[in-house]
Student: 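Here you go, one structure.
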Amino acid sequence: MSYKERVVVLVDMDCFYCQVEEQLDPSLNGKPIAVVQYNTWRGGGIIAVNYPARERGVTRHMRGDEAKEKCPDIILARVPEVRGKADLTKYREAGKRVAEVLQKFTPILERASVDEAYLDITEAAKARILRDCNQLQVENLKNTFVVGYDIQDFLHNVTNNAEYFEDNCRLAMGALIAEEIRAEVFAKTGYKCSAGIAHNKILAKLVCGLHKPNKQTILPHESVPALYEEIPIKKVSGLGGKFGSTLTDQLKISKMSELIKFTEKELVKLFDEKTGKWLYNIARGIDYEQVTPRLISKSIGCCKKFPGKSALTSAESVEHWVNELTSEISERMEKDAQENNRRAKQIVLHFTQTVNERDVSNSRTLPLNSYEQHRIAHICLEALKKILSQARCSSPVERNFNTSKNLEESECSDESIKSNEPATTLIPNSSEELNVLDEWEQNNLDSLKTCPDCKKTILQSEFESHIDYHYALNIVKEEAHLYKRKSIESNTMTRASGESSNHLRNTKRKCGDMKSIEKFLCSDNELNEGNSELCPECNKRIKFEDIISHMDYHTAKKLHLEINQQPSASSISDKTSIKSKNKRKKDVKNMGSIVSFLNNKR
DNA sequence: CATTCTGCAAGC
DNA sequence: GCTTGCAGA
Ligand SMILES: Nc1ncnc2c1ncn2[C@H]1C[C@H](O)[C@@H](COP(=O)(O)OP(=O)(O)OP(=O)(O)O)O1
Ligand SMILES: [Mn+2]
Ligand SMILES: [Mn+2]
């Protein structure tokens with residue numbers, strides 16, 4: 001498939017945490033604001049800045065005090081503190097509301113962070129070109145910029161010679177849909193966002209930021225070389241860190257356009273096969289990375305740092321913070337279990353200490369059989385003691401802790417807790433961290449039912465959505481003439497389902513995030529190119545004989561959404577999982593004081 | 001003394 | 001399978 005085939009959109013909320021705060025307190029409207037976490041030390045650390053405050057020179061990473069100097073009338077909103085730590089719940093929930101709106105436009109949606117998501121709307125754009133090319137007018141793309149073009153000229157080209165400019169025509173239609181997506185996000189949530197529209201993820205991400213806030217940008221492929229002349233290498237996703245620095249230093253280049261000088265062979269030789277080829281393609285505006293459908297996180301974690309003198313120095317304090325962190329984890333995991341029908345099977349405990357000026361970190365994957373706070377805490381504390389007692393103690397120095405857990409891939413999930421505390425006395429600058437991580441298991445205790453309409457055997461947990469499916473299908477049959485197939489990509493979530501599957505950890509299987517209706521439709525295994533094709537709407541493999549009814553299903557879903565505007569709030573997901581097993585023992589040196597504290601205590 | 005997250009892949 | 005490091009919001 002051509003590198004110009006797809007229409008990929010990256011939607012990113014504008015100064016997201018600030019917008020969340022502005023909506024909660026409308027008196028902040030129009031004023032310069034920033035969001036800080038903690039405020040006792042130099043006014044707290046700034047993690048989000050709204051646009052009026054940016055004009056005044058305030059940036060992320062500044063301290064609250066510094067922001068006040070730059071902009072005396074700035075309002076500093078504070079991240080809530082619960083259990084003595086920052087609590088990001090309200091931002092996660094706001095992000096979830098946004099994702100629920102985006103999800104109505106396509107199931108090929110990948111949440112990339114709390115405030116952004118990639119959407120592959122190739123099929124929707126193609127379908128709409130067949131009937132709505134006349135809508136590609138400036139008045140329908142009022143918030144759209146096109147790199148390298150005046151929008152008027154760009155639209156003129158694609159509408160007058162749609163075949164010759166078919167790739168740009170798809171991008172233009174993608175932008176029209178993106179305008180609608182963004183309008184819907186604002187209508188449903190009150191939040192403004194920006195978007196990038198391009199043939200791949202890397203470029204969509206890159207151009208989303210060119211016209212913020214509340215605007216969107218198209219990048220036609222032929223505009224890549226000129227754009228790259230202006231783009232520092234570190235601005236491209238994946239090149240913002242050490243690897244990007246290696247490029248600028250070793251290759252003596254600074255702009256993306258300079259990368260094109262190198263042959264694929266040279267790049268493969270300089271780095272490895274995978275990296276070299278990737279870089280060679282990126283230099284030409286080519287990126288084949290798929291938008292991987294994923295609506296919910298694979299891991300749940302929390303952590304706390306204890307910088308400098310606040311480093312934890314007693315067993316009691318360590319125990320206290322492990323309790324606080326496991327309490328938050330327990331609460332969030334329980335909620336996740338209700339919403340997503342999955343359970344973590346493992347937890348990862350992680351902590352770091354500062355020993356002789358150097359960070360030493362440890363982590364252990366531990367089995368998790370219960371979400372009860374005290375049980376999780378017990379598991380973590382036992383592991384912690386074991387690790388520290390095996391460490392060679394001699395010179396007592398500093399430490400800090402932190403814990404975290406993660407959810408697992410398709411079917412599993414984890415949690416993580418992070419805390420960070422200094423353990424011993426002495427040295428003023430110390431820190432530690434603890435982490436916990438787990439995987440999930442899905443509940444297999446589903447009973448079977450027979451559908452009264454189609455007589456198929458289905459899981460109890462999928463019964464409701466299965467009936468919804470018949471309901472929607474019937475309406476479609478009656479009113480199909482009102483709705484063209486493939487008009488707008490949209491998709492509602494279905495109810496949560498149980499379902500079990502097997503270990504899919506690390507296996508690339510799209511079925512992991514499938515909704516129950518889709519699972520029902522895709523229940524046959526053994527699908528291959530000889531007996532099936534990929535659905536243009538959802539990219540799932542469908543048997544030839546089922547493709548017509550499968551497309552009806554998509555139409556039904558769209559219609560159902562309009563009829564019943566109540567999107568059911570749960571997604572499905574998961575299942576199985578695995579694991580348990582734990583770890584090995586690694587020695588850590590210089591773990592003096594905390595070890596003795598722990599040993600003394602128990 | 002930026003902090004609190006999340007995802008991915010390499011290397012063992 | 002597990003730990004670690006990198007990259008990003
Ligand atoms: N380094 C960080 N540490 C903690 N939270 C962060 C960090 N970076 C970003 N966040 C949070 C706060 C942001 O509002 C939110 C989304 O990040 P991001 O999209 O990069 O910026 P933003 O939404 O604040 O502004 P922009 O309008 O430029 O997108 O994630
Ligand atoms: Mn943002
Ligand atoms: Mn973002």
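Throughout, a chain's letter reflects where its sequence line sits, starting with A, and its residues are numbered from 1.
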Student: Return no unless some side-chain N or O of R364(A) is found under 4.0 Å from OP1 or OP2 of dT4(C).
Tutor: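 Indeed not, no polar side-chain atom of R364(A) lies that close.
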Student: Out of dT3(B), dG7(B), dC1(B), which has the shortest distance to the side chain of R294(A)?
Tutor: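 It is dG7(B).
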Student: How long is the line joining CZ of R358(A) and C1' of dG5(C), in whole Å?
Tutor: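 The answer, rounded to whole Å, is 14 Å.
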Student: Can you run down the salt bridge (charged side-chain N to carboxylate O under 4.0 Å, His left out) pairs that involve residues 38-55 of chain A, sequence neighbours left out, and say none if there aren't any?
Tutor: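 As it turns out, there is no salt bridge (charged side-chain N to carboxylate O under 4.0 Å, His left out) pair with a partner in residues 38-55 of chain A once direct neighbours are skipped.
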Student: Measuring to OP1 and OP2 of dT4(C), would you say a side-chain N or O of S363(A) lies under 4.0 angstrom away?
Tutor: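 Result: yes.
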Student: Reckon R332(A) has a side-chain N or O less than 4.0 Å from the OP1 or OP2 of dT6(B)?
Tutor: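 So the side chain of R332(A) is within the cut-off, an N or O lying under 4.0 Å from OP1 or OP2 of dT6(B).
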Student: Starting at SG of C208(A), measure out to CG of L219(A) and round the result to the nearest 0.5 Å.
Tutor: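 The distance works out to 12.5 Å.
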Student: Return yes when atom NZ of K68(A) has more than 12 non-hydrogen atoms of other residues, nucleotides or ligands closer than 6.0 Å, and no otherwise.
Tutor: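 Yes, because the 6.0 Å sphere around NZ of K68(A) holds more than 12 heavy atoms from other groups.
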Student: Just jot down the salt bridge (charged side-chain N to carboxylate O under 4.0 Å, His left out) partners of E273(A), sequence neighbours excluded, or say none.
Tutor: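 Partners of E273(A) under the salt bridge (charged side-chain N to carboxylate O under 4.0 Å, His left out) test: K277(A).
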Student: Quick one: ring pair (Phe, Tyr, Trp, His ring centres under 6.0 Å) partners of Y38(A), sequence neighbours excluded?
Tutor: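 Not a single residue meets the ring pair (Phe, Tyr, Trp, His ring centres under 6.0 Å) criterion with Y38(A).
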Student: Which whole-number value in Å describes the distance from R111(A) CZ to dG7(B) C1'?
Tutor: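 Atom CZ in R111(A) sits about 14 Å away from atom C1' in dG7(B).
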Student: Can you check whether any acceptor in the base of dT4(B) is under 3.5 Å from a donor in the side chain of Q37(A), or vice versa?
Tutor: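 No.
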Student: Just to be sure I understand the geometry, which residues of residues 235-245 of chain A put a non-hydrogen atom under 4.0 Å away from DNA chain C?
Tutor: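 Nucleic-acid contacts, sorted: V236(A), S237(A), G238(A), L239(A), G240(A), G241(A), K242(A), F243(A).
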Student: Which nucleotide in the list dC5(B), dC1(B), dG7(B) gets nearest to the side chain of S297(A)?
Tutor: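 When the side chain of S297(A) is considered, dG7(B) is the closest of dC5(B), dC1(B), dG7(B).
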Student: Please write out each protein N/O paired with an N/O of nucleotides 10-12 of chain B under 3.5 Å, distance rounded to 0.1 Å.
Tutor:
none

Student: Counting just side-chain N and O atoms, does K205(A) come under 4.0 Å of either OP1 or OP2 of dG8(C)?
Tutor: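 Indeed not, no polar side-chain atom of K205(A) lies that close.
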Student: Who passes salt bridge (charged side-chain N to carboxylate O under 4.0 Å, His left out) against D12(A), sequence neighbours left out?
Tutor: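 Partners of D12(A) under the salt bridge (charged side-chain N to carboxylate O under 4.0 Å, His left out) test: K205(A), K212(A).
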Student: Roughly, in whole Å, what's the span from CD1 in I47(A) to C1' in dT3(B)?
Tutor: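 So the two atoms are 8 Å apart, to the nearest Å.
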Student: With heavy atoms under 4.0 Å as the rule, sort Y38(A) into base, sugar-phosphate or nothing.
Tutor: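 The residue Y38(A) makes sugar-phosphate contact but no base contact.
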Student: So does R92(A) get a side-chain nitrogen or oxygen closer than 4.0 Å to the phosphate oxygens (OP1/OP2) of dT6(B)?
Tutor: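 True: R92(A) side-chain N/O within range (under 4.0 Å) of dT6(B) OP1/OP2.
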Student: For dT4(B), take OP1 and OP2 only and decide whether either is under 4.0 Å from a side-chain N or O of Y91(A).
Tutor: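 No.
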Student: With respect to the phosphate group of dT3(C), does any side-chain polar atom (N or O) of T365(A) fall under 4.0 Å of OP1 or OP2?
Tutor: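 It does, given that an N or O in the side chain of T365(A) lies less than 4.0 Å from OP1 or OP2 of dT3(C).
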Student: In whole Å, I'd like the distance from the NZ atom of K234(A) to the C1' atom of dA9(C).
Tutor: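 The answer, rounded to whole Å, is 18 Å.
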Student: Less than 6.0 angstrom from the centroid, inside 45 degrees of the normal: does R375(A) satisfy that with respect to the ring of Y371(A)?
Tutor: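 Judged by the rule, R375(A) and Y371(A) form no cation-pi pair.
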Student: Round to the nearest Å and state the distance from Y17(A) atom OH to dT3(B) atom P.
Tutor: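 Whole-Å distance recorded here is 15 Å.
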Student: Can you check the K212(A) NZ to dA9(C) C1' distance for me, whole Å?
Tutor: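 Going from NZ in K212(A) over to C1' in dA9(C) covers 11 Å.
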Student: What is the distance from CD of E110(A) to P of dA9(C), rounded to the nearest Å?
Tutor: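 Going from E110(A) (CD) to dA9(C) (P), I get 13 Å.
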Student: With a cut-off of less than 4.0 Å, is there a side-chain N or O of S361(A) near OP1 or OP2 of dT3(C)?
Tutor: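 For dT3(C), neither OP1 nor OP2 has a side-chain N or O of S361(A) closer than 4.0 Å.
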Student: Should the pair K96(A)-E339(A) be classified as a salt bridge under the 4.0 Å nitrogen-to-oxygen rule?
Tutor: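 Salt bridge: yes.
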Student: Output the distance between atom CH2 (W321(A)) and atom SG (C380(A)), rounded to the nearest 0.5 Å.
Tutor: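 Answer rounded to 0.5 Å: 16.0 Å.
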Student: Does any donor atom in the side chain of N200(A) or E289(A) lie under 3.5 Å from an acceptor atom in the other side chain?
Tutor: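 The criterion, which ignores hydrogens and geometry beyond distance, is not satisfied for E289(A) and N200(A).
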Student: From CD1 of I202(A) over to P of dC8(B), roughly how many Å is that when rounded to an integer?
Tutor: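 It works out to 14 Å between those atoms.
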